[in-house]
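Below: the structure, in structure tokens.
To find a chain, count down the sequence lines: A is the first, B the second, and so on, and within it residues start at 1.
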Amino acid sequence: MDRFYITTPIFYVNDVPHLGHAYCTVNADAIARWHRLIGDSTLFLTGTDEHGAKVAEAAEANGVTPREWTDRTSARFAEAWRGLAISNDDFIRTTDERHYATVQQFLQKIYDNGFIAKDTYRGLYCVSCEDYYTADQLDGDKCPVHGRPVTEMEEDNYFFRLSAFEDRLIEWFEKNPDAIRPASKRNEALSFIKGGLKDVSITRTSLSWGVPVPWDEGHVFYVWYDALINYLTAIGYGEDAEKVAAWWPNVHHLIGKEIIRFHCVWWPAMCMAAGIEPPANIFVHGWLLVGGQKLSKSMAADGDAPVKLTDITPASLTEEYGVDAVRYHLLRDTPLGTDGEFSIEGLIARYNSDLANNLGNLVARVATVVGSKCDGVGPAPSPTSPLADSASTALAAAADAWERFAPHEALEATWRLIGAANAELEATEPWKAEPGTVDDVLGSALEVLRIVSLLISPAMPATADEIWSRIGLAGSPSDHPLPAAAAWGGYPGGLSVTKGDPLFPRRKATA
RNA sequence: GGCGGCGUAGCUCAGUUGGUCAGAGCACACGGCUCAUAAUCGUGUUGUCGCGGGUUCGAGUCCCGCCGCCGCUACCA
């Protein structure tokens, strides 16, 4: 049995979960579900990043301890993911005991290996960003992000000798051309490395809300530095060498393009410094862009302001359109690796054409005709149906696409099968035929629905279960491993088929 | 400034190493069907492939220049 380890970034708790977080997490979830479906032993990890000055400040402003504050804010993410049917196997928090233990061991190892040393850092610091700026980055004398004045700071910090890894990183990139995808993002990281690397300050003394540096009291690790290590905490680094060996380094980090440097430069170097292999796969996704148009006011913080992606909560969409429809849109409309447009109009267009007209209507019309021509008992499929080829083609294309982290292609392939089934019904017109002569075509249509349930289950688990159940099957498609389960002829016949309400009622063009 | 990317039908986008590459889906039009969520099936229209040069028998596909947009340029989840 193969193993499959996939991660999202851990999200910073001061953010409210928004559509950008959801985009990444839903994609990771669908890919994880696909791997479970093909029988891989799968570990899907997400979580929250909870250290740093901003969190400490927010806690104080709310009159609670940082820990109480992050208990509350971390829960918002867990809740958002429940609302999107996210099937993470673990939810890591950087405030977990286990994480402190792993971070300290991992960094102690780097320290012992001689890649961490003390030095003095001087710079212009923005408290809001928790970050230093160079003079030319400033907007006058203010932080370009927050517009707040920066302060001159000087700290005795520990520095990670990133510069020592320039050659090794370049070699790693060249020996592993597919480690970072897409290639455009790999090149971006590589050119950054080739431009020369400077050592990075990885500890702070100005705050205490962080993981303590084990060899020097009074220092805590810089939030980014402890955050990356979560990927090792979850597989028991420092605790369970066997478990680490089982899952590492063949991990798949799914990340957004804004954090390329941390994941594609720092993180591999940190792993090298600690004496372990760098992560085998890093897949960089793009951003969802929100155009000039306004979204529904219920989704915007300020009804008249231009809506930003970060203003859109996943719940505002799932309440209106349903969990699976939102998941489908996120997976189908923006290929991983490129930026995409997000709009309610696009969501509705996709909903109506793919979900209501093609899939939902196919389920409805098949159920109706089985009801009228077969007394509601589904016949077995024909072994010679032309749809058998369509089904195997769809399965092969979907499998290939999921392997390449291309959910949109996997779904596109599945919809070609749905289209073929609709066309086959038109060609054979079972509603005109005498009962008794329609078993082959209706059985084959039901078989398509069974296979479609399997193929859509990573993307739309609830819909898959519902179709599965309506055609009379017990359990859930996710209990039936591919590819065997998707072989033509699996629908047994003799099962009771129920019509039910429309799976996806059509939507008006305006929300 | 430096490095990199993008600009293809109304919309969203495909287009490997240059030669049916001018495409898909949506939208739209017409026709069929009426089992189905006015859904479905079939057929079809739309483009100076950002602009201007060049290489070539032949260029969205290579080269040069220009215009427009964007990303990265160090510690911004």
Side-chain angles (χ1 to χ4, degrees), chain A residues 8-15 20-21 24 48-52 54 94 121 123 126 128-134 136-137 143-146 157 159-160 162 184-185 187-192 194-202 222-225 227-228 255-263 265-266 286-287 289 332-335 338-341 343 345-346 349-350 352-373 408-409 412 415-416 419 421-427 429-433 438 442 445 499 501-507 509:
Chain A
T8 71
I10 49 175
F11 302 111
Y12 200 59
V13 287
N14 267 19
D15 285 339
H21 300 120
C24 181
T48 47
D49 186 8
E50 310 185 6
H51 291 306
K54 269 184 287 186
T94 57
Y121 189 90
C126 169
S128 294
C129 295
E130 184 133 357
D131 209 0
Y132 287 96
Y133 285 95
T134 56
D136 62 319
Q137 290 175 316
C143 156
V145 177
H146 296 90
N157 287 335
F159 280 69
F160 172 57
L162 182 63
S184 57
K185 298 297 191 286
N187 294 340
E188 198 172 291
L190 184 56
S191 70
F192 176 81
K194 287 183 170 172
L197 297 176
K198 291 192 275 190
D199 295 340
V200 293
S201 157
I202 61 165
Y222 171 51
V223 57
W224 251 112
Y225 232 61
L228 288 162
I255 67 165
K257 65 179 185 178
E258 73 281 7
I259 53 178
I260 286 177
R261 194 184 321 126
F262 302 106
H263 281 82
V265 182
W266 290 21
W287 284 351
L289 307 173
R332 176 65 183 82
D333 274 327
T334 303
T338 63
D339 291 348
E341 296 284 337
S343 69
E345 292 80 356
R350 187 59 81 180
N352 280 336
S353 70
D354 287 11
L355 300 183
N357 296 352
N358 294 343
L359 174 58
N361 184 57
L362 175 64
V363 172
R365 69 196 303 208
V366 169
T368 297
V369 183
V370 169
S372 63
K373 301 293 181 182
H408 72 291
E409 285 186 47
E412 193 177 12
W415 256 255
R416 281 197 291 272
N422 272 320
E424 180 66 8
L425 289 175
E426 292 297 327
E429 300 183 308
W431 46 88
K432 283 184 177 171
V438 294
L442 290 177
K499 179 163 182 190
D501 293 330
L503 247 23
F504 298 100
R506 282 180 59 84
R507 302 287 172 162

Watson-Crick or G-U counterpart of [N], or none if no pair lies under 3.5 Å:
N	value
rU12(B)	rA24(B)
rG71(B)	rC3(B)
rC62(B)	rG54(B)
rU40(B)	rG32(B)

What's the [atom1]-[atom2] distance between [X] and [N], to the nearest Å?
X	N	atom1	atom2	result
L197(A)	rA74(B)	CG	P	12 Å
W431(A)	rU40(B)	CH2	P	13 Å
D333(A)	rA24(B)	CG	P	19 Å
D339(A)	rG71(B)	CG	C1'	9 Å
N361(A)	rA36(B)	CG	C1'	4 Å
I255(A)	rC72(B)	CD1	P	13 Å
W415(A)	rA39(B)	CH2	C1'	16 Å
K185(A)	rC72(B)	NZ	P	10 Å

Shortest side-chain distance from [X], nucleotide among [options]:
X	options	result
S201(A)	rA36(B), rC75(B), rA74(B)	rC75(B)
S191(A)	rC3(B), rA74(B), rG25(B)	rC3(B)
L162(A)	rC35(B), rU37(B), rA74(B)	rA74(B)
Y222(A)	rC35(B), rC75(B), rC41(B)	rC75(B)

Using the [atom1] atom as the point on both nucleotides, what is the distance between [M] and [N], in whole Å?
N	M	atom1	answer
rG25(B)	rU40(B)	P	13 Å
rU55(B)	rC72(B)	C1'	33 Å
rC41(B)	rG50(B)	C1'	39 Å
rC26(B)	rG42(B)	P	10 Å
rC30(B)	rC69(B)	P	41 Å
rA29(B)	rC67(B)	C1'	37 Å
rA9(B)	rG2(B)	P	31 Å
rG53(B)	rC11(B)	C1'	32 Å

Under 4.0 Å between any heavy atoms, over every strand shown, what does [X] touch: base, sugar-phosphate, or nothing? Just pick one.
X	result
L425(A)	nothing
G360(A)	base
F262(A)	sugar-phosphate
S184(A)	nothing
D15(A)	sugar-phosphate
I260(A)	nothing
A356(A)	base

Presence of [X] side-chain N/O under 4.0 Å of [N] phosphate oxygens OP1/OP2:
X	N	value
N358(A)	rU40(B)	yes
K499(A)	rU37(B)	yes
R506(A)	rA38(B)	no
K432(A)	rU34(B)	yes

| Taking the six-membered ring for Trp, are W224(A) and H263(A) parallel (under 30°), tilted (30 to 60°) or perpendicular (over 60°)? | perpendicular
| field | Assigned glycosidic conformation for rG60(B) [threshold 90° from 0] | value | syn
Ignoring hydrogens and angles, does a donor from either the side chain of [X] or the base of [N] sit under 3.5 Å from an acceptor on the other?
X	N	value
E424(A)	rC41(B)	no
E188(A)	rG5(B)	no
N357(A)	rA39(B)	no

| Between CH2 of W287(A) and CD of E258(A), what distance do you get to the nearest 0.5 Å? | 5.5 Å
